[in-house]
Amino acid sequence: MGLLSKKDANLILDPLADNNPITIQVLGICSALAITAELEASIVMAISVLFVLGVGNVVISLMRNIIPSKIRIIVQLIVVATLVIIVDLVLKAFAYELSKTLSVFVGLIITNCIIMGRFEAFALANKPWRSFLDGIGNSLGYGVILIIVGFFRELLGSGTLLGFPVLGDPITKTGLYAFGYENNGFMLLSPMALIVVGIIIWVQRSRNKALVEDH
Amino acid sequence: MGLKSTLHNLKEKYKGTKMAPAFNAIHTFLYLPNETTHSGTHIKVADDLKRTMNIVIMAMVPCLIFGMFNAGYQHFSALGTPVEFLSWDAFYIGLIKVLPLVIVSYGVGLGIEFLFAVIKKHEVEEGYLVTGMLVPLIVPIDTPLWMLAVAVAFGVVIGKEVFGGTGMNILNPALTIRAFLFFAYPTWMSGDKVWIHGAVERDQLIAAGENLDAISGETVLGSLAQNKGAGYEIMDMFYGFIPGSVGETSTLLILLGGLFLIFTKIGSWRIMLSSVMGALAMGLIFNFVVDTGWITESSKFYGLMSTTFWHHLLIGGFAFGTVFMATDPVTASQTNKGKWIYGFLVGFISIMIRVFNPAYPEGVMLAILLMNVFAPTIDHYVVQGNVKKRLKRLKSKVA
């Protein structure tokens with residue numbers, strides 16, 4: 001990493017694995033359950049959060065010395081809300097069908113715990129460049145999980161990836177369907193997203209014992 | 001060399017190795033362990049977990065055999081060439097359809113148990129013995145085997161092993177497996193085609209252009225939900241000559257199995273009795289509502305609501321769930337008072353789901369899973385209530 005110092009690089013790399021916002025901090029679960037039935041929606045959601053958190057962290061960091069501590073939550077909310085509205089309008093303008101699929105969940109990025117969490121925990125106490133890296137790192141960590149979950153849910157639930165029928169056509173019975181394979185409808189329901197996230201947490205913790213909490 | 005000593009030698013040979021639990025399991029499944037405590041006073045009991053499980057399996061065997069006969073009987077009746085119920089023809093169809101279900105259920109389930117035992121360096125847990133027999137009894141006869149295998153793998157891993165294995169699971173594994181099948185592959189788990197062997201196949205032939213009559217094998221619950229009346233005599237429902245999941249149709253044999261479990265003190269009579277009471281209570285409430293005239297015949301709930309309250313005990317999987325699944329000692333309430341509450345709510349909610357949610361006609365499955373989740377809460381309050389009562393008594397004594 002010639003571009004970044006080791007300390008800065010860790011801001012991006014940590015949230016990808018050992019300090020993942022979803023699997024370790026267990027934040028942002030609601031949207032991970034709600035919109036991961038399709039891979040495309042997961043990717044768009046990941047990019048939206050990347051934008052909101054990256055820019056938001058910088059804005060909050062720039063203002064960190066002038067925000068009165070008593071009203072900081074309100075200020076943070078205004079910053080997120082502004083950014084989310086930008087995302088929402090861009091989606092409506094350039095990807096209308098998709099914005100209908102994501103529906104209310106784009107708006108709900110405002111309440112995504114990861115965003116408020118990073119503002120509070122990092123941006124309020126760090127300089128803009130480091131806050132930016134932190135925002136990018138955390139939203140990438142969030143996005144990776146979203147995309148993994150979306151991949152399995154779309155593949156097993158609908159037999160497609162990004163809308164392409166990779167397993168064959170279930171109606172004309174081609175590909176895997178010719179052998180009697182059927183799509184798993186449970187995968188399209190939210191509880192299964194929770195279970196897939198749970199399995200990722202399980203795999204991650206059994207590979208790295210340091211992550212296992214004591215009780 | 002007899003089987004016992006062969007197994008014993010195998011076990012000794014693999015002691016300490018990775019595969020040891022697997023050989024231990026085979027040995028202790030069939031025989032008493034050869035290690036005994038040498039010091040101190042001890043009592044040797046015959047009813048360890050494996051024997052307990054075996055008794056439950058014995059209680060289910062009549063249902064299994066009956067299920068085989070019934071599968072063939074329903075098949076031939078639906079085809080329009082009825083045969084005697086207790087005939088070889090009927091049994092043969094049932095045997096070749098049900099046996100693979102049993103084999104897949106045990107093969108996949110025990111395979112995963114062995115795998116986890118080896119990973120955890122643990123003795124193999126015997127918890128799957130009963131689950132493996134329950135599973136083929138609660139699925140439709142034509143369930144594709146690969147679906148069953150996927151569901152069993154899911155149920156055993158997610159329903160049980162992630163919580164720490166037998167005795168630690170929150171949900172009944174057999175019902176987890178069925179619920180998975182139900183939500184994942186609804187077309188194979190509900191409707192009027194899956195309950196009779198051959199109906200789905202016949203449908204496909206018709207779709208392909210053959211000139212045949214479609215087979216309709218609606219369950220009693222299904223036709224009641226569509227306001228079409230039961231379609232079967234009460235005694236047929238009681239004896240079990242109706243379409244349904246493999247082993248759940250015969251209330252008579254389930255009743256005998258239940259009595260056997262109560263007699264051997266393995267199943268809890270409190271849960272069974274209170275569950276029946278709960279179902280009757282809900283049934284009476286619905287009957288009362290119909291009598292007052294709030295629900296008219298045009299209502300989509302009329303068919304199930306107007307069903308005479310005690311008929312609910314005979315149809316669907318209620319009897320099977322109450323006797324063999326609600327009483328699962330791991331997932332049910334542990335305290336006596338808790339068992340009454342737990343059982344009553346299982347029955348009560350079963351009938352409620354059955355009536356109000358025709359999309360999920362098998363209310364008993366969802367009701368038991370729901371109450372499994374609440375069983376620890378019920379126990380907590382029962383224990384706390386007892387603690388409070390005793391504290392009060394202590395205070396009044398001291399004062």
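- Atom CZ of A:Phe186 and atom CZ of B:Phe182 lie 11.5 Å apart (nearest 0.5 Å).
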Show me the donor-acceptor pairs, under 3.5 Å and distance only, between side chains in residues 26-35 of chain A and residues at least two apart or in other chains.
from	atom 1	to	atom 2	distance (Å)
A:Ser31	OG	A:Gly28	O	3.4
A:Ser31	OG	A:Tyr142	OH	2.5

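- Contact of the B:Ile158 side chain with the A:Ile199 side chain is registered, since non-hydrogen atoms from C-beta on lie closer than 4.5 Å.
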Steps toward side chain to side chain contact (heavy atoms under 4.5 Å, CB included) verdict (B:Phe180, A:Met192): CA-CA 10 Å; B:Phe180 177 86; A:Met192 207 57 190; 4.1 Å; yes
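- Within residues 79-89 of chain A, no residue has any heavy atom under 4.5 Å from a heavy atom of chain B.
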Using only the distance criterion (under 3.5 Å, no hydrogens considered), which donor-acceptor pairs connect chain A with chain B?
from	atom 1	to	atom 2	distance (Å)
A:Gly180	O	B:Trp146	NE1	3.3
A:Glu182	OE1	B:Trp188	NE1	3.3
A:Glu182	OE2	B:Trp188	NE1	2.5
A:Gly185	N	B:Ala184	O	2.7
A:Phe186	N	B:Phe183	O	3.2

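- Residue pairs meeting the ring-ring contact (aromatic ring centres under 6.0 Å, His included) criterion with at least one member in residues 143-164 of chain A, sequence neighbours excluded, do not occur.
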